[in-house]
Q: 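Below: one structure in structure tokens.
First listed ligand is number 1; within each ligand, the first listed atom is number 1.
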Amino acid sequence: MTAVFPLHRTTRPTPAPDRDAILADPGFGTHFTDHMASATWTPDAGWHGHRIGPVTPYTLHPGAAVLHYAQEVFEGLKAYRHADGSVWLFRPEINAARFARSARRLSLPEVSEAEFLASVEELVRADEAWVPAFGGEQSLYLRPFMFASETFLGVRPAHRVEYSVIACPAGMYFSSGSGVTLWISTTFTRAAAGGTGEAKCGGNYAASLAAQTEAHEHGCDQVLYVDGVEHEWLEESGTMNVCLVTSDGELVTPPLGTILEGVTRDSVLALAGEHGLTAVQRPVSVTELRERCADGSVTEVFAAGTAAVITPIVGFKGADLDVRVGGGAPGKTTLALREHILDLQYGRVADTRGWLRRVV
Ligand SMILES: Cc1ncc(COP(=O)(O)O)c(C=O)c1O
């Protein structure tokens with residue numbers, strides 16, 4: 001099969017002992033593999049220059065549009081090693097579609113699903129030695145992204161855009177037995193109707209840093225954003241969607257509109273039935289959260305996202321708010337759903353939904 005992103009293999013790969021040392025304790029987002037996928041877009045030529053080559057720094061003019069106007073979008077997904085040594089992606093078509101939607105919202109050119117999948121898969125094959133072994137909770141995190149590289153000052157869509165995929169081995173995010181406490185900020189909001197909340201663009205995350213600092217100052221791990229009009233309706237956490245489990249068997253999550261449409265969120269909603277839960281997407285107020293955690297009719301709350309899979313939420317704090325969830329410990333449905341998703345991703349149970357895509 002002809003490669004969409006032809007491979008120009010590095011002549012200076014990371015020595016195997018160094019790579020093994022990194023894989024023994026990869027952390028998250030600090031060690032990168034040897035190769036990257038890339039392509040460039042211009043209005044006349046469209047996407048061109050597809051290649052996989054050595055990881056190379058960009059050279060950008062200080063007037064490059066992205067540095068001033070943040071015309072940039074990205075994705076995040078993982079490659080998982082199975083027990084037989086094969087390597088798989090989990091629902092990457094959803095990432096491809098979301099990347100295209102994000103690009104449209106930021107007036108960037110779209111990468112087709114075929115090109116997106118080829119870039120990710122061919123990079124994983126080139127750097128297969130970097131995919132952690134089966135058995136732990138490690139994976140190869142993949143970061144496709146796109147940015148405006150044209151040199152100009154002025155607010156309009158750029159006429160030169162770079163697409164790339166980089167990869168880093170990723171360790172376990174979740175320390176079992178624990179859970180996080182979220183800060184409900186009424187100072188900062190993440191998104192408003194018509195804004196960029198649904199897009200995965202860098203600007204959303206830059207704007208979230210002040211809220212995250214506020215959360216840390218109040219002894220919380222992360223932010224839970226609420227709507228920007230009434231400061232009352234739950235939206236999502238910094239890098240995860242939020243779900244509630246109720247004593248009458250519902251799995252409730254806020255509706256789409258101003259939040260990121262998470263792959264993990266969608267997967268949890270699809271799996272809910274197998275855990276005896278009815279999946280419900282509807283607005284949830286802070287008042288409901290407070291009252292139902294207090295009277296025990298909300299039994300568990302968790303956050304869902306690719307990096308941490310599922311993270312138990314054991315409490316919420318806010319200006320006039322201090323809520324404990326369940327007994328302050330991770331709930332059993334949360335842990336069961338987490339295990340279910342990991343079982344699927346690592347091929348430990350049958351993939352009856354066709355969610356896995358083999359790469360190696
Ligand atoms: C703001 C935000 N919400 C939710 C998610 C969860 O999305 P996914 O499950 O696709 O990783 C992410 C992670 O990408 C995120 O950054």
Q: Any idea which part of Lys200 is under 4.0 Å from ligand 1, heavy-atom wise: side chain, backbone, both or neither?
A: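 Within the 4.0 Å criterion, Lys200 contacts ligand 1 through side-chain atoms alone.
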Q: Going by the order shown, which atoms of ligand 1 are within less than 4.0 Å of some heavy atom of Asn241?
A: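 Close to Asn241: 4 (C), 6 (C).
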Q: How about Phe5 and His50: are their ring centres within less than 6.0 Å of each other?
A: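 Yes, ring centres under 6.0 Å apart.
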Q: Pairing donors with acceptors under 3.5 angstrom, does anything connect the side chains of Glu162 and Ser149?
A: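 Yes, a side-chain donor-acceptor pair sits under 3.5 Å.
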Q: Considering only the protein, which heavy-atom contact is closest to atom 13 (C) of ligand 1, and what is its distance?
A: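 For atom 13 (C) of ligand 1, the nearest protein heavy atom is Thr239 O, 3.3 Å.
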Q: Would you say the side-chain atoms of Ser297 and Arg292 include a donor-acceptor pair closer than 3.5 Å?
A: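 Present: a donor and an acceptor within the cut-off.
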Q: Gly305 heavy atoms, cut-off 4.0 Å: which ligand 1 atoms fall inside?
A: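 Ligand 1 atoms under the 4.0 Å threshold to Gly305: 6 (C), 9 (O), 11 (O).
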Q: Would you say Asn95 has any N or O atom under 3.5 Å from an N or O of ligand 1, going by distance alone?
A: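 No, Asn95 has no N/O under 3.5 Å of an N/O on ligand 1.
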Q: Quick check on salt bridge (Lys or Arg N to Asp or Glu O under 4.0 Å): which of Glu261, Glu75, Glu198, Glu110 does Arg101 satisfy it with?
A: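 Among the candidates, only Glu261 passes.
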Q: With a cut-off of 4.0 Å, which atoms of ligand 1 are near a heavy atom of Arg190?
A: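 Checking each atom against Arg190, I get 1 (C).
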Q: Please determine if Glu236 has a nitrogen or oxygen closer than 3.5 Å to a nitrogen or oxygen of ligand 1.
A: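 Looking only at distances, the answer is yes, because the N/O contact criterion of under 3.5 Å is met.
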Q: Considering only heavy atoms of Thr264, which atoms of ligand 1 have at least one such atom less than 4.0 Å away?
A: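 This gives 8 (P), 9 (O) as the contact atoms.
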Q: May I ask you to list the atoms of ligand 1 that are less than 4.0 angstrom from any heavy atom of Gly262?
A: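 Listed by number with element, the hits are 7 (O), 8 (P), 9 (O), 10 (O).
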Q: Provide the number and element of each atom of ligand 1 under 4.0 Å from a heavy atom of Tyr205.
A: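 In order of numbering, the contacting atoms are 1 (C), 2 (C), 15 (C), 16 (O).
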Q: Decide, yes or no, whether a salt bridge links Glu137 with Arg338 under the criterion of side-chain N to carboxylate O below 4.0 Å.
A: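 A salt bridge links Glu137 with Arg338.
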Q: Heavy atom under 4.0 Å from ligand 1: found in Ala304's side chain, backbone, both, or neither?
A: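 Near ligand 1, Ala304 shows its backbone, while the atoms from C-beta on stay back.
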Q: Just wondering, do Thr40 and Val161 contact through their side chains at under 4.5 Å, heavy atoms?
A: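 Not in contact.
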Q: Under a 3.5 Å cutoff, is there a donor and acceptor pairing between the side chains of Gln345 and Arg91?
A: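 There is no such pair between these side chains.
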Q: Can you sort out which atoms of ligand 1 are near Thr306, meaning under 4.0 Å from one of its heavy atoms?
A: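 Ligand 1 atoms under the 4.0 Å threshold to Thr306: 8 (P), 9 (O), 10 (O), 11 (O).
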Q: At less than 4.0 angstrom from any non-hydrogen atom of Met240, what atoms of ligand 1 do you find?
A: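 Per the distance check, 2 (C), 3 (N), 4 (C), 5 (C).
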Q: Any salt bridge between Glu93 and Arg98, counting N to O under 4.0 Å?
A: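 No salt bridge links Glu93 with Arg98.
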Q: Regarding ligand 1, does Arg98 bring an N or O atom to under 3.5 Å of one of the ligand's N or O atoms?
A: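 Yes: some nitrogen or oxygen of Arg98 is under 3.5 Å from one in ligand 1.
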Q: Taking both backbone and side-chain atoms of Gly76, is any N or O found less than 3.5 Å from an N or O belonging to ligand 1?
A: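 No, Gly76 has no N/O under 3.5 Å of an N/O on ligand 1.
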Q: Can we call the ring centroids of Phe90 and Tyr346 under 6.0 Å apart?
A: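 Ring centres of Tyr346 and Phe90 not closer than 6.0 Å.
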Q: Run the contact test for Gly238 against ligand 1 with a 4.0 Å cut-off on heavy atoms, strictly below, and give the result.
A: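 For ligand 1, residue contact (heavy atoms, under 4.0 Å) with Gly238 is present.
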Q: Looking only at side chains, do Glu214 and Trp183 share a donor and an acceptor under 3.5 Å apart?
A: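 A pair is found: one side chain offers a donor N or O, the other an acceptor, under 3.5 Å apart.
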